[in-house]
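One structure is given here, and the rest of the page talks about it.
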Amino acid sequence: LKNNLSVKKISEQEYSINEDLYIYDNTLLNKTDKFYINNGKKINILNNATLLIEGEIYFNNNISTENLIFSEDGTGAIIFQNNKFKLNNIVFDNLSSPKLDNVILYGGVNFINTDLIINDSKIINSRNEDGMNIINSNSQLNNIIFENIFSDALDIDFGNSKFENLKCYKINNDCLDISGAKVIGNKFYTIDANDKGISVGENSTVSINEINIIK
């Protein structure tokens, strides 16, 4: 990623993105690098490309100015892997699953082997089997909205997850699909899920308070 023309070098392993970023090829954010995304800047992933993030990434935004990670042509995907991530006020829009050799993933947004905190974010207009897939991770999700999702909204496979205020609108399959994971949640709401509001299986342990499933 540091070779992208929109990236500015701060120091040997620190970089900033001060303008909208366009990704046309499979791109790696290296484990040793730190990236700072300025307030309100967009990341547009196109041409069947996947952005793989293994290094540190920080979004300098606030509740009134979200960062948008999207795919203008509906073919791009993003993977966060093998690190700690804290994301606030992010909109993931119109993403698809990764097209990578020797890797099978079904989410437009994927977290693999991570320690993850996501606050006040949205996953919308997903074009693939999972809007967001969290695999073998420790995750905390607060105030997350899924809307207009092609299949499952949130798929949690293995690991431990906690959530507060999870909402789903217009989901073509399950809102929340859990396999082999321990999940503790509070305030779950879904309307118009075409299959199940909550699906729990494969040796999962789940406790959720305040469940409201409509239609």
Side-chain angles (χ1 to χ4, degrees), residues 50 66 69-71 74-81 85 87 89-100 103-215:
T50 295
E66 301 164 319
I69 300 174
F70 74 113
S71 178
T75 67
I78 190 166
I79 302 171
F80 298 82
Q81 181 171 288
F85 299 101
L87 307 177
N89 309 305
I90 309 293
V91 176
F92 298 96
D93 184 12
N94 205 39
L95 295 170
S96 187
S97 55
K99 283 78 173 175
L100 298 174
V103 175
I104 299 175
L105 291 170
Y106 299 107
V109 185
N110 303 274
F111 296 92
I112 306 170
N113 300 321
T114 65
D115 286 323
L116 169 66
I117 299 174
I118 308 178
N119 298 314
D120 304 308
S121 296
K122 301 174 184 176
I123 299 86
I124 59 176
N125 304 320
S126 174
R127 291 175 169 266
N128 42 277
E129 186 169 328
D130 301 321
M132 177 183 290
N133 195 2
I134 301 175
I135 303 171
N136 197 33
S137 297
N138 295 313
S139 59
Q140 174 74 54
L141 290 72
N142 303 304
N143 301 318
I144 308 298
I145 293 174
F146 294 85
E147 185 170 4
N148 193 28
I149 307 298
F150 175 75
S151 189
D152 293 341
L154 174 59
D155 194 334
I156 301 174
D157 296 316
F158 311 103
N160 299 284
S161 185
K162 295 182 179 179
F163 72 80
E164 179 78 25
N165 197 23
L166 178 66
K167 296 181 178 180
C168 290
Y169 305 91
K170 297 181 181 178
I171 310 300
N172 281 333
N173 207 52
D174 302 335
C175 173
L176 176 59
D177 189 353
I178 303 166
S179 299
K182 182 177 181 180
V183 176
I184 299 174
N186 188 50
K187 295 183 179 178
F188 175 90
Y189 175 89
T190 181
I191 185 169
D192 291 330
N194 284 339
D195 195 351
K196 295 174 288 293
I198 303 171
S199 175
V200 178
E202 289 82 32
N203 300 312
S204 298
T205 302
V206 177
S207 175
I208 303 173
N209 295 317
E210 295 190 37
I211 296 173
N212 193 352
I213 297 173
I214 299 172
K215 297 184 181 178

Any chance you could measure [X], atom [atom1], to [Y], atom [atom2], to the nearest 0.5 Å?
X	Y	atom1	atom2	answer
K170	I124	NZ	CD1	12.0 Å
D192	E147	CG	CD	10.5 Å
I156	I135	CD1	CD1	11.5 Å
M132	S139	CE	OG	9.0 Å
S161	L141	OG	CG	5.0 Å
N113	F158	CG	CZ	11.5 Å

Are [X] and [Y] close enough that a side-chain donor and a side-chain acceptor fall under 3.5 Å?
X	Y	result
N94	N125	no
T75	S96	no
Q140	N142	yes

Nearest atoms (heavy-atom pairs only) where [X] meets [Y]:
X	Y	result
I208	F163	CG2-CZ, 3.8 Å
N133	D155	OD1-O, 3.0 Å
S126	I149	CB-CD1, 3.6 Å
L95	F70	CD2-C, 3.8 Å
I123	G131	CG2-O, 3.9 Å

Tell me if the [atom1] atom of [X] is crowded by more than 12 foreign heavy atoms within 6.0 Å.
X	atom1	result
N209	CG	yes
Y169	OH	yes
I214	CD1	yes

Any sub-3.5 Å donor-acceptor pair from [X]'s side-chain atoms to [Y]'s backbone N or O?
X	Y	answer
K167	N165	no
T114	I112	no
S204	G201	yes
N110	L105	no

Going by heavy atoms in the side chains, are [X] and [Y] under 4.5 Å from each other?
X	Y	answer
L87	F80	yes
D157	I134	no
K122	D93	no
I213	Y189	no
I198	F188	yes

Practice task
Tell me, please, which residues at least two apart from F92 pass ring pair (Phe, Tyr, Trp, His ring centres under 6.0 Å).
Solution key: none
Got a list of side-chain donor-acceptor pairs under 3.5 Å for residues 173-181, not counting sequence neighbours?
{"from": "N173", "atom 1": "ND2", "to": "D152", "atom 2": "OD1", "distance (Å)": "2.6"}
{"from": "D174", "atom 1": "OD1", "to": "K196", "atom 2": "N", "distance (Å)": "3.0"}
{"from": "S179", "atom 1": "OG", "to": "E202", "atom 2": "OE1", "distance (Å)": "3.1"}

Handout entry: Audit row: L166, L154, side-chain contact (heavy atoms from CB on, under 4.5 Å) steps and yes/no
Key = CA-CA 10 Å; L166 178 66; L154 174 59; 4.0 Å; yes
Practice task
Not counting sequence neighbours, which residues clear side-chain contact (heavy atoms from CB on, under 4.5 Å) with T50? List them please.
Solution key: N26, A77, I79, P98, L100
